[in-house]
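Reading through the structure tokens given below for one structure.
Below, all heavy atoms of this structure are taken into account, side chains as well, without hydrogens, waters or symmetry copies. So you know, we letter chains A, B, ... as the sequences are listed, proteins then strands, and number each from 1.
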Amino acid sequence: MSDAKPDKTDRYDPTAIEKKWQDRWAADDLYRTAPADERPKYYILDFYPYPSGEGLSVGHCRNYVPTDVIARHYRMKGYNVLHPMGWDAFGLPAENAAIKLKTNPAVLIRRFADNYKRQMNLIGASYDWSREINSSSPEYYHWTQWIFQRLYGSWYDTRADKARPIAELEAELAEHGTSRLRLALSDQQVSAEEWNAASPLERQNTLKRFRLAYRGEATVNWDPVDKTVLANEEVLPDGTAWRSGALVERKTLKQWFFRISAYSERLDRDLDTVDWPSRIVAMQRNWIGRSQGAEVIFVRAQQSQGDEPQAAHRPATAAPQPDDKIIVYTTRPDTLWGATFMVLSPEHPLVASVTSAAQREAVAAYVAEAKVKGAVVVPVEDKEKTGVFTGGYALNPVNGARIPIWVADYVLMGYGTGAIMAVPAHDERDFAFALKFGLPIIPVIARSDDAARSLLSPGTYDPALPDALRAAGYAFSDEGGALTVTLAGAQAQAYADLVRPHLTEGWTEVVGSGWLAIFPDAVIAFDSAAADEQISSRIRTALKIDALPSFMAYLATVPAYQDLIYHSEYSSPINSGPINGLPGEEAISRTIAYLEERGQGQGRLNYKMRDWLISRQRYWGTPIPIIHTEDGLELTLPEAELPLTLPDVESYEPTATGESPLSLIDGWVNVALPDGRTGRRETDTMGTFACSSWYYMRFADPKNPGQLATPEELDYWLPVDMYVGGAEHAVMHLLYARFWTKVLYDLGVVPFFEPFQRLRNQGLILAPAREVDGQIVIEKMSKSKGNVITPDEVVAKHGADALRGYECFISDFEAAVPWNTDGVPGVRRWLDRVWRIVLNPGDEAGQSGEFSERQLRRVTHQTIMRVEHDIAEFKFNTVISALMEFTNAMYKARDGGMAGTPAWAEATEALVLLIAPVAPHMAEELWARTGRGYSVHQQPWPAADPALAAEDEVEVVLQVNGKVRDKLTVPVGASEDQLRALAMESDRVRSHIGEKSIRKVIVVPGKLVNVVVG
RNA sequence: GCCGGAGUGGCGGAACGGCAGACGCUGCGGUCUUAAAAACCGCUGGGGGCAACCCCGUACGGGUUCGAGUCCCGUCUUCGGCACCA
């Protein structure tokens, strides 16, 4: 460049060069990405931000700098690189800011985004701004709406394991009903006759159960401050909203959902195919909550005398799930023989019909109270179990036991079937509930450790017993005549035979394994409800008490037994008929097979993940392209009418009623349909996670007016090779985006099923540590604390390249770390040194030293390899230290007289090329000043020659008993024998061996010799 | 409670099972200067020794190994997520 006349006396002055090059790059469109071509591609993407009015802090740059380093690196490596940026522009923060500033949100977002863009350019980010997108522009949300319609028009076929057009389901329903769909037992079936006879509204209600986008009634999280509904993920564990902090209320409203639950299995399974942080994978798996188990059918038992069931009043359109069956979900079908009662969630539809007349009031009161309490989130550990007996009974399908049906709020309607079989001996919650309400507890799974214990109280046995026990080899302790005997379950019977004759009064028992109750006149195995009653009855008599609900209720009062009365292991069943003695896993599979044969249940996969609630009762979001007719039918907008644009409004204020402000705009809401009817537009808008679920696709072809993107560009650019952003989106955004990708994959829109091949999370940058009252305080940067450091101030003082360097150098990329204001000057000093050694190697030439051209070339090529490797590994901090070491080495080489040699020229050029991704402005300036033209960013990445990088001598460590005693420099190829001999010649090694004898000599060629003596 | 990370100098952090503390910051000493800044040079984990050197040291306790910051078992601390999910 003409204005960059080489001037050897210039000092490095970032302000003089950074703006100049940024303008030139922009004018030249240097970072414009070419469409798909024959080059290999690399798609590196930052999470697109919501542009807030506060602008970027140095913390945000932690994300944007490393991705920019990678983009620049890959360009130099010859890749066609896509490195775009856009704006997550819809949503509450923008809308709330608009309300507060009384400015149109579109105008506000443009202003904020322009500021972000200015700051990104300030730090030298190389985005292709021709591909900038904004999720709130009609050109963008056109396709958000288009995808919504694809979801609305599709259903998930579990047989094909993919989404299919809803018309194909309608055809199947007309012919076979739901009979071939492989529904869960608890899913309602529809016959072909019913379908064919159904009204349009009834059909709509049936299809709603299958569509991937559907409107359903739901108890939702209502945020009274933002006056909108929130997704479950947006409610914090303490029951407050993640954005507004308000205490969330429960409301029942008609809401739009996406049926992400249909994709649970694939969303779980396909996590195996991506390179993501294990923490994120674990969080997603945990959120999906896959479990394997079975649905089991319990048939209701006849009520006992005086407990007449409430007449079940059913609507004329019979519910196809007969009231006489209650279906539960369990992950432990192997414990079915131990199910001693059932529990229904208070919201379970059968609660009313199983409740007896006598219990009706109590149950109604409990259900009403549970409804109120449901709004308040109470930490689980503080929660005492509550519940009410319904008066109804069911039959245990495998042993015919008549078991009581309870209602309790520890059973959640939203998981499984909302009803459980309670196995108190092997489920912690059921155990606590059974003890509290006096329900029977029968062990049905053996202890894998076979541990058992027996307590003999003073005065219950004759004096000969201790000696008899000793003689038989039983270990026991004696505390004032109370004997605690430790034994194995297998010894239980022999033990009973030994002890019983010595019992004079009362009783004892074997607890844990081998369960027995031992009375002076009888030994009773604790193996059934009948045995439980027999034992309890004897204890009641012995203790002269009326109330003892169960044997276990007594055992729970004995401290010596506490660790043995309950366990939840997978192990061999006992007291369980046909599955007794099977190994744990087999017991489960055999039980499922047994149930399926007898039509009493079937295996089922179950997931914790709920459907994705997308409705927001707000203005600033993507309109949902649906019209409701006056007779309650839903119509989708014809594709030609998309995008359905937001109307201009004067007030963005949410209504107090829970309806979107759109509902107040009659001219927009009311539509005349072609057939003369009138309709009302859907007034809910979509939450912003809809927009962000596909934006990475749009970057491939961001201006396309006729398609989401052309198949060619999608096929070439996607999936994203490297996706970088904060871990706070671990579940929501990343899961939703994966879901949409899979739907579009099933429908043939995109050719990939995982959107983000590699994912990395940058660590948080915290405010600089400060001292308050002698305590070191480290906190997040926040405007309210006034501790935000902006890139603007750092660039003004030290330049963008120093900021970029420090962002890379500050720490491991994924670690949270406080900003250190002394760190940037340190990087700046290094850049100064680079500047001087490249431009003025002759100056300040100081000390003489030894340095060969061979050595210089070696360091050069080693550095190329290190930088390349560390960029690939996302280790930007060691990229910088490698470059610093290289710079230091060049100073030594300069002192050794290397300046001006061919090796020097090679080293200088490599240095400038290697710093180009990190310090693009300085690299460009140095490239120009050393007469190499424009642009350094279009040069090929230097190629490392492993032969030149190889050492010809290595330092070998000499150890005696693992401690370093001497070091030797030897040729790389030195053999084991040579090394051993050299080690033995070392005086220092010899003196440490001394008089001791040598037992062994370990030689690791190129590394060390370890002489083991002793 | 369950799941997943992380514990290394004054600080940020390096380290294929093979010299712990690279690189940088801070601090101390020095050179240059009338002086300061900048730059440059040296030192900077703890203890002992005049020194050559020696001992200890990667949260804690064990183990495997010729050799462990690194692998295994257990404990503690801490961060993040989930949490009555049957």
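Across all strands shown, B:G24 forms a Watson-Crick or G-U wobble pair with B:C11, both key distances being under 3.5 Å. Remark: B:C66 base-pairs with B:G18. Criterion, Watson-Crick or G-U wobble with two distances under 3.5 Å. Both distances falling under 3.5 Å, in either a Watson-Crick or a G-U wobble arrangement, occur for no nucleotide opposite B:U34. Across the strands present, B:U78 finds its partner in B:G5; the criterion is a Watson-Crick or G-U wobble pair with both atom distances under 3.5 angstrom. For B:C50, there is no paired base (Watson-Crick or G-U wobble, both distances below 3.5 Å).
Residue-level contact check: A:Lys963 touches the backbone only, with heavy atoms under 4.0 Å from sugar-phosphate atoms and none from bases. Residue A:Lys1000 is classed as a sugar-phosphate contact, given heavy-atom separations below 4.0 Å to backbone atoms only. As judged by a 4.0 angstrom heavy-atom cut-off over every strand, A:Asp812 is placed among residues touching the sugar-phosphate backbone only. At a threshold of 4.0 angstrom between heavy atoms, the contacts of A:His869 with the nucleic acid are absent. A:Ile810 comes within 4.0 angstrom of the backbone, heavy atoms only, and of no base. Contact annotation for A:Val411: base contact, defined as any heavy-atom pair under 4.0 Å involving a base atom. At the heavy-atom level, A:Arg828 lies nowhere under 4.0 Å from the strands shown.
Take A:Arg279 and apply the salt bridge (Lys or Arg N to Asp or Glu O under 4.0 Å) test, not counting sequence neighbours, and it matches no residue. Under the rule for a salt bridge (Lys or Arg N to Asp or Glu O under 4.0 Å), A:Glu428 has no partner lying at least two apart in sequence or in another chain. In this view, A:His992 satisfies the ring-ring contact (aromatic ring centres under 6.0 Å, His included) rule with no residue, not counting sequence neighbours. Not counting sequence neighbours, the partners of A:Arg738 by the salt bridge (Lys or Arg N to Asp or Glu O under 4.0 Å) test are A:Glu754.
Checking the phosphate oxygens (OP1, OP2) of B:A86, a side-chain nitrogen or oxygen of A:Tyr415 falls inside 4.0 Å. Residue A:Arg836 places at least one side-chain N or O closer than 4.0 Å to OP1 or OP2 of B:C40. When the side-chain nitrogen and oxygen atoms of A:His426 are compared with OP1 and OP2 of B:A86, none of them lie within a distance under 4.0 Å.
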Practice task
Treat primed atoms plus P, OP1 and OP2 as sugar-phosphate and everything else as base, then score nucleotides 18-28 of chain B 5' to 3': B for base contact with protein heavy atoms under 4.0 Å, S for sugar-phosphate contact only, - for none.
Solution key: BB--BBSSS--

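The CZ-P distance, from A:Arg279 to B:A6, rounds to 10 Å in whole Å. Atom CE of A:Met421 is separated from atom P of B:C84 by 20 Å (rounded to the nearest Å). A:Asp895 places its CG atom 11 Å from the P atom of B:C40, with the value rounded to the nearest Å. Rounded to whole Å, the distance from CD1 on A:Ile420 to C1' on B:A86 is 5 Å. Atom CG in A:Asn761 sits roughly 13 Å away from atom P in B:G81 (whole-Å rounding).
Checked against B:G5, B:C55, B:C82, the side chain of A:Ser278 finds its nearest nucleotide in B:G5. Nearest nucleotide to the A:Val1012 side chain, out of B:C54, B:G12, B:C66: B:C66.
You'll find the ring centres of A:Phe433 and A:Phe341 inside the 6.0 Å limit. The aromatic ring centres of A:Phe431 and A:His426 sit 6.0 Å or more apart.
Interface remark: the A:Lys608 side chain does not form any donor-acceptor pair with the B:C82 base, using a distance-only criterion of under 3.5 Å.
Annotated as anti: B:G47, whose glycosidic dihedral deviates from 0 by more than 90°.
Summarising the local packing, CZ of A:Arg285 is surrounded by more than 12 heavy atoms from other residues, nucleotides or ligands at distances under 6.0 Å.
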Return a table of donor-acceptor pairs under 3.5 angstrom between the side chains of residues 868-878 of chain A and protein atoms on other chains or two or more places apart.
from	atom 1	to	atom 2	distance (Å)
A:Glu868	OE1	A:Trp941	NE1	3.1
A:Glu868	OE2	A:Lys77	NZ	2.4
A:Asp870	OD2	A:Thr878	OG1	2.9
A:Thr878	OG1	A:Lys875	O	3.0

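Each of A:Arg988 and A:Gly414 was matched to the nucleotide of RNA chain B holding its nearest heavy atom; the match closer to the 5' end belongs to A:Arg988.
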